Amino acid sequence: MKVKIYRGTHEIGGNCVELTADNGKVLWLDLGEPLSTVNPDVSYTANNVDALIISHPHQDHYGLMENVGTDVPVYIGQVSLGLISATKIFLGKESPKSNFILFQPWKEFIVLNTFKVYPYLMDHSSPEAFAFVIEADGKRLFYSGDFRSTGWKNKLYYKLLQEPPKNIDLFLTEGTMVERSNQKYPTEQSVYEAISTIIKDQENATFVVSSAQNIDRLVSVVKACNSHKKRLIIDIYNAWALEVVHEKSKGLPTIDWETICVYNHPSQLSRISDPKFSDFKDRVIKKDIGNQIFQNPKEFVYFLRCPNQKLIEALLPKGVIKLVYSQYEGYLEDGHKTYCSDSIIDLNTSGKVDFELIHTSGHATLTDIKMLVMAINPLKIVPIHTECPDKMKQYLEKEGFANVEIWEDGKEYLL
Ligand SMILES: [Zn+2]
Ligand SMILES: [Zn+2]
């Protein structure tokens with residue numbers, strides 16, 4: 001088997017790994033949209049490929065998947081496909097038209113009669129994220145995808161440490177955190193505690209800015225709300241993301257929970273006009289918060305991506321408004337800004353809100369990676385999804401692992 005990393009040996013995101021078996025069959029792992037603008041060339045997406053596997057529904061892993069066309073089978077998890085479709089629906093775009101084949105966690109499947117694939121469910125900021133063992137031609141590769149050990153699903157990580165895959169020739173491990181720190185809030189539990197402390201004595205509404213698909217974070221906020229008898233307001237897109245995830249994880253919150261209500265935005269409601277949403281639509285309308293927030297704003301916590309300036313201004317006379325920024329702080333810096341970064345920066349600098357950064361990463365710390373390397377004990381380790389593979393190599397070498405190799409994008413290696 002030959003292995004090539006098209007992107008990701010020296011950058012975070014845009015992952016695409018190519019495996020070529022001795023019989024010539026070509027399998028790709030992830031086909032992400034690059035997060036960095038340094039190298040916009042994605043012409044490799046037109047290369048020949050026979051099948052694609054998507055690890056999880058983050059843009060930097062699936063964003064270019066439709067480039068393979070509608071004939072190539074795309075293996076994907078049920079929640080991942082549901083969340084990717086949700087994004088499209090609420091952006092008013094057509095659902096992805098790929099040739100999807102669903103796989104289940106912990107259930108081996110064979111791709112192209114050549115690659116034996118075993119998917120491990122992992123702890124990550126996405127509610128469904130997989131790592132894979134892939135076997136062909138007598139060689140075994142472990143691809144970590146994105147993972148961590150500090151979320152509400154961290155038992156998945158510890159399960160993997162206890163029952164690691166055996167006889168791994170190559171471990172492609174993510175290394176996002178080599179250059180980032182997670183010290184202030186090391187776990188999802190610590191995020192829950194910090195948000196809980198804030199909303200406890202709030203005299204006005206609290207806004208928590210995060211991703212609608214970061215269900216672990218939403219759970220942290222729901223827990224905090226439940227601790228202090230607050231009500232959580234989410235938008236219709238977020239409500240639908242919960243529906244999708246709830247299909248597989250019945251313990252997770254939905255809009256039917258007493259503490260959860262919905263901000264019924266007309267533009268979002270218009271996105272779910274298809275009859276298949278009719279039951280969901282009725283339930284949304286039933287949980288519509290309307291103008292209740294103005295009657296007793298301190299009772300409410302808003303979970304959203306982009307706070308509404310006019311709403312915040314209307315609430316200002318009721319006391320200090322807290323804005324908890326609960327996602328990667330780099331999104332507020334030039335080069336990584338998202339569509340509402342400027343609005344949030346403006347709210348902060350204008351003093352309209354009391355700004356607080358409370359976030360824990362979706363990615364593994366170096367210690368998490370080291371523990372996994374020890375458990376798997378692979379013949380070779382290659383960092384991916386990292387800006388600093390050299391630092392990761394240095395770190396692992398100091399810890400006694402002399403088998404770390406740094407690869408180049410686009411170069412083929414024989415396994
Ligand atoms: Zn990623
Ligand atoms: Zn991810």
Side-chain angles (χ1 to χ4, degrees), residues 5-17 28-39 42 45 52-65 75-77 79-84 86-87 105 119-132 142-154 156-157 160 171-180 182 188 191 210-219 241 244-245 305 326-331 335-336 338 359-366 368-369 372 382-389 392 409:
I5 300 176
Y6 279 115
R7 278 196 97 112
T9 63
H10 290 75
E11 72 187 294
I12 293 169
N15 276 28
C16 181
V17 180
W28 286 356
L29 306 176
D30 284 337
L31 191 46
E33 190 160 328
L35 295 173
S36 156
T37 50
V38 174
N39 172 17
V42 291
T45 65
L52 166 65
I53 303 180
I54 299 295
S55 67
H56 68 286
H58 280 163
Q59 280 279 356
D60 62 315
H61 295 259
Y62 81 83
L64 301 176
M65 70 177 179
Y75 292 81
I76 192 164
V79 172
S80 301
L81 181 55
L83 290 175
I84 291 168
T87 305
Y120 289 82
L121 207 51
M122 302 292 271
D123 181 21
H124 182 42
S125 47
S126 168
E128 184 183 73
F130 291 101
F132 303 98
F142 185 76
Y143 171 60
S144 73
D146 288 355
F147 75 101
R148 65 174 169 181
S149 75
T150 53
W152 296 120
K153 305 181 293 293
N154 65 350
L156 296 168
Y157 170 79
L160 181 59
F171 179 12
L172 293 178
T173 179
E174 78 128 300
T176 319
M177 294 293 282
V178 176
E179 283 289 89
R180 295 183 187 176
N182 208 22
E188 206 58 53
V191 166
S210 192
S211 155
Q213 298 198 1
N214 187 342
I215 306 297
D216 263 27
R217 187 57 41 82
L218 187 93
V219 167
V244 168
V245 179
R305 196 65 186 259
S326 199
Q327 57 189 0
Y328 173 51
E329 62 191 296
Y331 294 142
H336 291 287
T338 64
H359 177 57
T360 194
S361 173
H363 298 280
T365 63
L366 284 174
D368 295 335
I369 294 166
L372 194 53
V382 171
I384 186 170
H385 203 279
T386 180
E387 284 170 356
C388 304
M392 191 145 147
D409 280 355

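Keep in mind the model is a prediction, meaning the values are calculated, not measured. Counting convention: from 1, in listed order, for ligands and their atoms alike.
Taking every heavy atom of both residues into account, Phe171 and Leu372 meet most closely at CZ-CD2, 3.8 Å. Contact record, Arg217 with Gln327: NH1-N, 4.5 Å, taken as the closest heavy-atom pair.
Applying the side-chain contact (heavy atoms from CB on, under 4.5 Å) rule to Tyr75 yields the partners Ala51, Ile53, Pro73, Ile101, Phe103, Phe109, Val111; only residues at least two apart in sequence or on another chain are considered. Residues satisfying the side-chain contact (heavy atoms from CB on, under 4.5 Å) criterion with Glu33, sequence neighbours excluded, are Gln59, Leu64. Not counting sequence neighbours, the partners of Leu35 by the side-chain contact (heavy atoms from CB on, under 4.5 Å) test are Ile12, Asp60.
Distances from the Zn ion (ligand 1) to each N, O or S atom of His385 single out NE2 as the nearest.
Shown here are the protein N/O/S atoms lying under 2.8 Å from the Zn ion (ligand 2), water excluded: His56 NE2, His58 ND1, His124 NE2, Asp146 OD2.
Between the side chains of Glu174 and His363, at least one donor-acceptor pair of N or O atoms lies under 3.5 Å.
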